S.K.: 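Would you mind keeping the following structure in view while I ask a few things?
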There are 2 protein chains.
Amino acid sequence: MIRIFIADDHMVVRRGLKQILLEEFPSAHIEEGADAEILLKKVMKEEWDVIITDLSMPGRSGMEALQQIKLHYPKLPVLVLSGHPEEQYAIRVLKAGASGYLNKESAPEELVKAVHRVLLGKKYITPSIADQLILGLDKDNEKLPHEYLSDREFEVFKLISSGKSVSDIATQMSLSVTTVSTYRARILEKMNMKTNAQLTIYSIENKLL
Amino acid sequence: MIRIFIADDHMVVRRGLKQILLEEFPSAHIEEGADAEILLKKVMKEEWDVIITDLSMPGRSGMEALQQIKLHYPKLPVLVLSGHPEEQYAIRVLKAGASGYLNKESAPEELVKAVHRVLLGKKYITPSIADQLILGLDKDNEKLPHEYLSDREFEVFKLISSGKSVSDIATQMSLSVTTVSTYRARILEKMNMKTNAQLTIYSIENKLL
DNA sequence: GTTTAATGTAGTATTTGTACTACACAAAGG
DNA sequence: CCTTTGTGTAGTACAAATACTACATTAAAC
C-alpha cells in the first residue's frame, strides 16, 4: 500500500490532489496537512512513500520544510508543487533534493506520472525544466543572479529596485541617462527579467531592499 | 438538476472543487474552464445555476469576467474564490455583484454552505467579511490607503504594481495611454507615493501581489 | 434639489526612457 | 602575444510616459 502525504494550505488543492491520486492509486493511504509544521511532524512520526508539498505556505515555507526533510530522511521522495508558472525556483528546489517540481496548472496525468517515477526512486523532470537545467549546467548556480552583475550594474540595480528614476540615478552618479539605461538593459538581461518591478520584487525576496 | 460552472486556471483546484461539490450535490452537472475567456463563452451559450470563479487567471481577470457576467445576467449568482487570505478584494468583489467571496483555504463545508445559500438567491458572507463591511460603514475606520482608490484606479494599481507597463495596461483595458497615466497619477496622489516601485512594495507588504 | 466633489475618460505638448550602436580599455583565454 | 569577452561610457533616433488641461457623468453633501 502506498502512503502519500500532501501538504498545502489550500483545502481545495488538497482535495483535488487526493482525488487525482486516488483515481490512480485506489488503495493508497493519503493524509494531508495545511502547513509545513504539520508536514514535518508527520514525516518524523510516520513512514511515507511520497511527500507532495506546496512551496508557499503560511509560516515556515515549503522550501524550508524540504530542507529539513532531506536532512533527516534523504531517501524520502518529495514532489514540490508550485503555484507559480515561473520555473525560477525549480532548479533550487531540485538542488535542495526534491524529486520533482510540478505546476498546479499541469495536467493530472503529469502528477500521476511523477508519482510513479518517484516511487521507483527516480526523479521526475518536466521538459521545460530539463531545458533550464542544461542551460545552467556549466554555470555554478550556487550564485544568485544578482551576483553576476558588475559593480556599476549592481549599484544601478539597487537604485532602480528602490524606485529611483533612470535620470535621477544618472544625476546622482554623474553619468549620462543613456549609460544608466544601458546598465539597466544589461541587468535585466543578466537576471533574465523584463521589468523594473521584477527587480523590486527580487530585491525584497532576497532581502536586498 | 443543478448546473455549476467552475473557472480556475489550476487543474488541481478545479478537481478539488468538483469533488467537494459532487459529494454534496451528486446529481449536479458540473463543467469547468481554465480562464475568463472560456467562462464568458460558456455563460453566454448555456444556462447555469451558479458560477464559481477564481480571481486571478491568465488573461482577462476574474474581476472583469464578473463584471461582464453581471452586466448581461445580473441574476446569475457568482461565487468568487480567491487565493489571497486577505479579504482585501472581498468588498470590491461583492460590490461588483458577486454573491459571495470565499478563500481557497476555507473548509469544504463553507463552500457547500455558500452554494446552498446562493442557490436560494441569497448572498453568502463570511463572518470576517461581515466585520469588515460593518467597519467600513462608520466613517474611515483606519482604512488602508489602497481602499480609497476607485474601481478603475484599483485595477490599474494592481497592474502597475505587478510591473505592467502603462501602454500594456491601456491595451488590455481598451483605454488611452493617457487615461491610464491619469489613473496612475491619482493613485500616487491618493496613496501619497511617488513611484511605481513604492506601489510594488506596498502590494507585497499588503499581500496584494 | 442644487452645488460640489469624485470618477471615468482623453488630447497636446513635453519630458523621460529605450534600442541600437559605438568605442576605449582591461581582463581573460588561447 | 593576440583576440575575444566583459565593463564603463555615451550619442542619436525613436518610443513611452507624464503633466496639464478638459469635459461629461455620477455620487455626495448641504
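Every chain is numbered from 1, with letters handed out A, B, ... down the list of sequences. Predicted model, so just to flag it, every value in this text is computed and none were measured.
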S.K.: What is the distance, to the nearest angstrom, from the CD atom on B:E189 to the C1' atom on D:dA19?
M.R.: 13 Å
S.K.: If only atom types and distance count, is the side chain of A:E155 paired as donor or acceptor with the main-chain N or O of A:R152 below 3.5 Å?
M.R.: no
S.K.: Considering only side-chain heavy atoms of B:R186, which listed nucleotide, D:dA19, D:dG8, C:dG8, is closest?
M.R.: C:dG8
S.K.: Whole Å only: how far is the CZ atom of B:F157 from the C1' atom of C:dG8?
M.R.: 19 Å
S.K.: A:L188 CG to C:dG17 C1': how many Å, rounded?
M.R.: 13 Å
S.K.: Specify the separation, in whole Å, of atom CG of A:N196 and atom P of D:dA16.
M.R.: 15 Å
S.K.: Apply side-chain contact (heavy atoms from CB on, under 4.5 Å) to the pair B:R3 and B:V50, showing each step before the final yes or no.
M.R.: CA-CA 7 Å; B:R3 294 151 305 174; B:V50 194; over 6 Å; no
S.K.: Of A:V156, A:L188, A:I204, which is the lone residue that meets side chain to side chain contact (heavy atoms under 4.5 Å, CB included) with A:L199?
M.R.: A:L188
S.K.: Using side chain to side chain donor-acceptor pair (under 3.5 Å), reason through B:Q19 and B:E23 one step at a time and then give a plain yes or no.
M.R.: CA-CA 6 Å; B:Q19 181 60 18; B:E23 276 169 24; 3.0 Å; yes
S.K.: Where do N or O atoms of nucleotides 24-26 of chain C meet protein N or O atoms at under 3.5 Å, pair by pair?
M.R.:
none

S.K.: Rounded to whole Å, how long is the line connecting atom OH of B:Y148 with atom P of C:dA5?
M.R.: 18 Å
S.K.: Could you check how far CG of B:D168 sits from P of D:dA16, rounded to whole Å?
M.R.: 9 Å
S.K.: Can you pull out the residues from residues 177-184 of chain A that lie within a 4.0 Å heavy-atom distance of DNA chain D?
M.R.: A:T178, A:T179, A:T182, A:Y183
S.K.: From C:dG11, C:dG17, D:dT18, pick the nucleotide closest to the side chain of A:S165?
M.R.: C:dG17
S.K.: Got a salt bridge between A:K104 and B:D8, using NZ or NE/NH1/NH2 to carboxylate O under 4.0 Å?
M.R.: no
S.K.: Go through it in stages, so that I can follow the logic: the residues are A:E110 and A:Y124, the test is side chain to side chain donor-acceptor pair (under 3.5 Å), and I'd like the CA-CA distance, side-chain angles, deciding distance and then a yes or no.
M.R.: CA-CA 10 Å; A:E110 186 111 56; A:Y124 178 80; 2.3 Å; yes
S.K.: Just the rounded figure in Å: distance from P of C:dA27 to CZ of A:R152.
M.R.: 16 Å
S.K.: Considering the options A:L81, A:V80, A:L66, which one meets the side chain to side chain contact (heavy atoms under 4.5 Å, CB included) requirement together with A:T53?
M.R.: A:V80
S.K.: Taking the nucleotide of DNA chain C with the nearest heavy atom to each, does A:A185 or B:L149 sit closer to the 5' end?
M.R.: B:L149
S.K.: For the aromatic rings, using the six-membered ring if either is Trp, is the centroid distance between B:F5 and B:H29 under 6.0 Å?
M.R.: no
S.K.: B:D151 has a side chain; which of D:dA10, C:dG8, D:dA17 sits nearest to it?
M.R.: C:dG8
S.K.: If you compare every side-chain N and O of B:K190 against the phosphate oxygens of C:dT7 (OP1, OP2), does one of them come in below 4.0 Å?
M.R.: yes
S.K.: Regarding B:E31 and B:K18, does a basic nitrogen lie under 4.0 Å from an acidic carboxylate oxygen?
M.R.: no
S.K.: Mind calculating the distance between CZ (B:R92) and P (C:dT7) to the nearest angstrom?
M.R.: 10 Å
